[in-house]
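Start at 1 and go down the list; that is how both ligands and their atoms are numbered.
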Amino acid sequence: MAKKKEKKRSWAEPFKIKVVEPIKMTTREHREKAMKQAGYNTFLLKSEDVYIDLLTDSGTNAMSDRQWAGMMLGDEAYAGSKNFYYLESNVKKYYGMPYFVPMHQGRAAEHIISKILIKPGDYVAGNMYFTTTKLHQELAGATFVDVIIKEAHKPSNTHKFKGNIDIQKLEDLINKVGAKKLAYISMAGPVNMAGGQPFSMENLKAVRKLAKKYGVKMWFDATRVMENAYFIKVREKGYENKSLQVILKEMCSYFDGLWVSAKKDLMVNIGGIFATRSKKVFDAARNMVVVYEGLHTYGGLAGRDMEAMARGMEEMVSFDNIKARVGQVEYLGNRLKEFGIPFVKPIGGHAIFLDAKAFLPHIPQDEFPAQTLAAEIYIDSGVRTMERGIVSAGRNKKTGEHNYPKLELVRITLPRRVYTQAHIDVTAESVAEVFENRKKIKGLKMVYEPAYLRFFQGRFERLK
Ligand code: P61
């Protein structure tokens, strides 16, 4: 019997556009010049020279009308703003943490938690590194050890939970350095540098069990936790009928504390969260925040920013919202697949990560293939992306040599609720065009290197 053809039913975003911001189209000649002036570093481009800005999803989101309306309700009192109390109650409700300190963004919280928990000579174990997280851990005197599963370092491996921790590796580390020297386990979900890859609840529970056995603390970089929660719901047995809000609460319940760059999940332009269930750590953080950020009821934020965060938190747990967000990333991935372009699989939560080693195999890693590719995509179309390879990995703090990460990637990141499917098509076609002409592309040399987080301000020249 002939099989009945299934009818295709498309999905669309659960919102419509109310305000628009015009963007500038430029010529290739203009972009060649702009890229050269920016030292072949997309972070150094002027935003007005960018057509479609896929550098990051951090603080680049479109707020809802409800969030904008909330901005008018900002209580800008120096102390005890009512927006703070509303935000605090939502942190309890959604993340399940009793103690909260506002921060102006994620790295402020990373700074403070590193200073509180790390003693010089300690270790921190994590599921792959993140640039700012690792830097703050190192500045506080720790050595960072990556204990992510090996599959995470292979772009074509399709493991469903590439953000998982390798339990054996973690236990070996504890046995080697001693539990007392492990300041904490620093777990991010999903893992940004691995391609937006989630960890499973099963893995999280196993990490918790081990941490409990040795009395080691667990801290959570919950910056894009909603994407991780979404992947648990759609990929992990037993969670398909649970709401994202319930999954989020369960995830957080295994940690001693967490930090969030609110510029992602919460769909705001600025903000951060520090939250814990330890009164002792809370007291220390609340005291430090007045030194580095501002009073403990605003932490470097305006009242209106805290209101937008509290409202964004209520929107972030919506299944339709996150489905559309991840769906847009999947759409871009599927378009790139049609052109045979190599990128990290499975498709992650916030971005597509092009595999620059496979894209430009003729460029050795110390001629910066991912940096080169990001510059070429910009020159082709004005689409701005980000290097996530050898430049981002920095230098070994002991030897001073480049770190040579296995992953040499270009991140094409989608801000939330900002671009349309047509923008995604233009992006995919531009990457395809660069791919077609890839053999002619030459690498770069670094001509200026700042001491910290060199990828932000480093400058390059084209090799002849
Ligand atoms: C980003 F090129 N992310 O992905 P802050 N944890 C995690 C993040 O993704 C994160 C922070 C902590 C950015 C901005 C950025 O190497 C870079 O609010 C998982 O940015 O301070 C930030 O939060 C820090 C871009 C940060 C970078 C560092 O685009």
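- In summary, the atoms of ligand 1 found under 4.0 Å from a heavy atom of Lys263, numbered by their order in the structure, are 18 (O).
- With 3.5 Å as the limit, one finds a donor-acceptor pair spanning the side chains of Ser81 and Asn83.
- For ligand 1, the atoms lying closer than 4.0 Å to a non-hydrogen atom of Arg388 are 2 (F), 16 (O), 17 (C), 27 (C).
- The pair Arg417-Asp57 does not count as a salt bridge, with every side-chain nitrogen at least 4.0 angstrom from each carboxylate oxygen.
- Not one N or O of Thr132 is nearer than 3.5 Å to an N or O of ligand 1, by distance alone.
- Counted by atom type alone, Asn321 and Glu315 present zero donor-acceptor pairs between their side chains at under 3.5 Å.
- If you check which protein heavy atom lies closest to atom 13 (C) of ligand 1, you get Lys264 NZ, 3.3 Å.
- Close N/O approach between Phe456 and ligand 1 is not found [any backbone or side-chain N/O within under 3.5 Å].
- We find that Glu408 and Lys357 are not joined by a salt bridge, their nearest charged nitrogen and carboxylate oxygen being 4.0 Å or further apart.
- Given atom 23 (O) of ligand 1, the protein heavy atom at minimum distance is Ser261 CB, 3.3 Å.
- Residue contacts with ligand 1 leave out His350, since none of its heavy atoms falls under 4.0 Å from the ligand.
- Here is the list of ligand 1 atoms found below 4.0 Å of a heavy atom in Phe43: 2 (F).
- Taking a cut-off of under 4.0 Å to the non-hydrogen atoms of Thr56, the atoms of ligand 1 that pass are 1 (C), 29 (O).
- Because its NZ or CZ atom is not both nearer than 6.0 Å to the ring centre of Tyr95 and within 45° of the ring axis, Lys92 does not count as a cation-pi partner of that residue.
- Selection from Gly271, Ser58, Gly196 by nearest heavy atom to atom 14 (C) of ligand 1 gives Ser58.
- With a 4.0 Å cut-off on non-hydrogen atoms, Arg107 touches ligand 1 through its backbone as well as its side chain.
- For atom 12 (C) of ligand 1, the closest non-hydrogen atom of the protein is Glu110 OE2, 3.1 Å.
- The cationic group of Lys242 lies under 6.0 Å from the six-membered ring centre of Tyr239 and within 45° of the ring axis, placing it in a cation-pi geometry.
- Side-chain N/O atoms of Thr42 and Glu387 include no donor and acceptor closer than 3.5 Å.
- Salt-bridge annotation for Lys160 and Glu151: absent, with no side-chain N of the basic residue lying under 4.0 Å from a carboxylate O of the acidic one.
- Panel note: side chain Arg31, backbone Asp380; a donor-acceptor pair is recorded below 3.5 Å.
- Among all non-hydrogen protein atoms, the one lying nearest atom 16 (O) of ligand 1 is Thr131 OG1, 2.6 Å.
- Checked against a 6.0 Å centroid threshold, the rings of Phe100 and Phe84 count as neighbours.
- Under the 4.0 Å criterion applied to side-chain N and carboxylate O atoms, Arg416 and Glu227 are assigned as salt-bridge partners.
- Residue contacts with ligand 1, taken as heavy atom pairs separated by less than 4.0 Å, involve Arg411 solely via side-chain atoms from C-beta onward.
- Counting protein heavy atoms only, atom 5 (P) of ligand 1 is closest to Gln105 NE2, 3.2 Å.
- At a 3.5 angstrom cut-off on N or O pairs, Asp57 does not count as close to ligand 1.
- A donor and an acceptor atom, one from each side chain of Asp305 and His104, are nowhere located under 3.5 Å apart.
- Scanning all protein heavy atoms for the shortest distance to atom 11 (C) of ligand 1 gives Phe130 CE2, 3.6 Å.
- Nearest to atom 7 (C) of ligand 1 among the protein's heavy atoms is Asp221 OD2, 3.4 Å.
- Residue-to-ligand polar distances keep Thr133 apart from ligand 1: every N/O pair is separated by 3.5 Å or more.
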